[in-house]
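Okay, structure first, notes after.
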Amino acid sequence: DVQLQASGGGLVQAGGSLRLSCVASGFTFNDHVIEWYRQAPGKKREEVSAINNKDGTTYYATSVKGRFTISSDNAANTVYLQMNNLKPEDSATYYCAADRSSWSWVEEFIMGMADYWGQGTQVTVSS
């Protein structure tokens with residue numbers, strides 16, 4: 001069975017940091033893009049960041065560029081999202097997802113066309 005287990009959320013003050021983890025199993029990790037999305041109450045889901053495990057390339061939404069860093073530990077089938085300088089507007093439920101790597105992986109990520117989805121982890125940033 002495919003599993004994507006997200007963890008690491010919590011409550012933090014503005015300016016603080018959190019590191020989210022996404023542990024994957026049940027598919028070929030190195031052939032997939034691992035993606036982070038978030039959704040706040042009453043708002044549509046938005047893409048946050050992704051890493052293509054096939055070649056290590058990454059993508060960041062403009063709103064998090066320079067503050068968030070995505071990394072992958074292929075030996076542990078785990079992707080991390082280091083979130084620094086958090087802002088109240090970063091508060092949301094964060095989901096990890098996986099999509100088979102392709103030439104159009106960025107477009108697929110932006111369109112939310114993941115093959116697999118995990119459960120979310122809640123991030124709350126207080127002002």
Side-chain angles (χ1 to χ4, degrees):
D1 287 353
V2 170
Q3 289 195 16
L4 290 162
Q5 187 76 30
S7 63
L11 173 63
V12 64
Q13 288 189 330
S17 298
L18 284 173
R19 188 176 81 156
L20 305 185
S21 299
C22 177
V23 180
S25 62
F27 60 92
T28 307
F29 189 75
N30 291 356
D31 285 345
H32 282 72
V33 180
I34 306 299
E35 306 165 337
W36 287 99
Y37 296 86
R38 67 187 181 188
Q39 188 166 23
K43 295 189 176 181
K44 70 179 183 73
R45 185 184 65 207
E46 63 174 334
E47 68 280 3
V48 177
S49 182
I51 185 165
N52 188 340
N53 282 327
K54 209 157 191 177
D55 59 13
T57 52
T58 59
Y59 176 93
Y60 296 95
T62 302
S63 59
V64 306
K65 201 172 291 185
R67 300 187 298 121
F68 290 12
T69 303
I70 193 168
S71 62
S72 185
D73 182 348
N74 286 9
N77 280 14
T78 302
V79 166
Y80 303 100
L81 185 68
Q82 178 67 43
M83 308 187 295
N84 297 330
N85 191 20
L86 283 161
K87 304 176 181 180
E89 52 264 41
D90 294 317
S91 297
T93 300
Y94 283 69
Y95 299 89
C96 63
D99 186 32
R100 183 173 290 276
S101 176
S102 71
W103 64 270
S104 60
W105 73 268
V106 172
E107 289 79 7
E108 291 177 17
F109 170 51
I110 292 171
M111 294 173 66
M113 296 171 61
D115 295 324
Y116 311 115
W117 292 85
Q119 93 297 351
T121 185
Q122 180 68 42
V123 171
T124 303
V125 184
S126 63
S127 57

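Residue numbers count from 1 along this sequence.
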Item to check | Check: Glu47 side chain, Met111 main-chain N or O, donor-acceptor pair, under 3.5 Å | outcome: no
Checklist entry - Between atom CG of Asn84 and atom CZ of Arg19, what is the distance when rounded to the nearest 0.5 Å? => result 11.5 Å
Next on the checklist: Working to the nearest 0.5 angstrom, can you tell me the gap between Trp36 CH2 and Phe109 CZ?
Outcome noted: 11.0 Å
Next on the checklist: For Cys22 versus Ile34, what's the shortest heavy-atom pair and its separation?
Outcome noted: SG-CG2, 4.2 Å
Next on the checklist: Checking side-chain contact (heavy atoms from CB on, under 4.5 Å) between Leu18 and each of Val12, Val125, Thr124, Thr121, which is the one that passes?
Outcome noted: Val12
Next on the checklist: If we ignore hydrogens and angles and just use 3.5 Å, is the side chain of Asn77 paired with the main-chain N or O of Ser25 as donor and acceptor?
Outcome noted: no
Next on the checklist: For a quick test of reading the model, state the closest non-hydrogen atom pair linking Ile51 to Gly56 and the distance between them.
Outcome noted: CG1-O, 4.1 Å
Checklist entry - Do any N or O atoms from the side chain of Tyr60 and from the backbone of Ile70 form a donor-acceptor pair under 3.5 angstrom? => result yes
Checklist entry - Which atoms form the tightest heavy-atom contact between Ala40 and Ala92, and what is the distance? => result N-CB, 3.8 Å
Item to check | Which atom of Phe29 lies closest to which atom of Asp73, heavy atoms considered | outcome: CE2-O, 4.1 Å
Checklist entry - If you look at every heavy atom in Ser21 and Thr78, which pair is closest and at what distance? => result CB-CG2, 4.4 Å
Next on the checklist: So, taking the atom named CG in Asp31 and the one named CG in Asn52, what distance separates them when rounded to the nearest 0.5 Å?
Outcome noted: 9.5 Å
Item to check | For Met83, the option from Val64, Val48, Thr69, Leu20 that meets side-chain contact (heavy atoms from CB on, under 4.5 Å) | outcome: Leu20
Item to check | Side-chain heavy-atom pair Ser49, Leu81 within 4.5 angstrom cut-off | outcome: yes
Next on the checklist: Using a 3.5 Å distance criterion without hydrogens, assess whether the side chain of Thr58 forms a donor-acceptor pair with backbone atoms of Ala50.
Outcome noted: no
Checklist outcome for this item: Of Tyr94, Tyr95, Tyr37, the one forming a ring pair (Phe, Tyr, Trp, His ring centres under 6.0 Å) with Trp117 is Tyr37
Next on the checklist: So Asp90 and Arg67, do their side chains get closer than 4.5 Å, heavy atoms only?
Outcome noted: yes
Item to check | Exceeds 12 heavy-atom contacts within 6.0 angstrom, atom CD of Glu107 | outcome: yes
Next on the checklist: Any donor-acceptor pair under 3.5 Å linking the side-chain atoms of Asp1 with those of Gln3?
Outcome noted: no
Next on the checklist: Tell me whether Asp115 contacts the main-chain N or O of Arg100 through its side chain, where contact means a donor paired with an acceptor under 3.5 Å.
Outcome noted: yes
Item to check | Min side-chain heavy-atom separation Ser104-Met113 under 4.5 Å | outcome: no
Next on the checklist: Starting from Val23, can I reach Val2 by hopping between I/L/V/M/F/W/Y residues whose side chains sit under 4.5 Å apart?
Outcome noted: no
Checklist entry - Looking only at heavy atoms, what is the nearest atom pair of Cys96 and Leu4, with distance? => result SG-CB, 3.8 Å
Item to check | Test applied, side chain to side chain donor-acceptor pair (under 3.5 Å); reference residue, Thr93; option that passes from Gln119, Arg45, Gln122 | outcome: Gln122
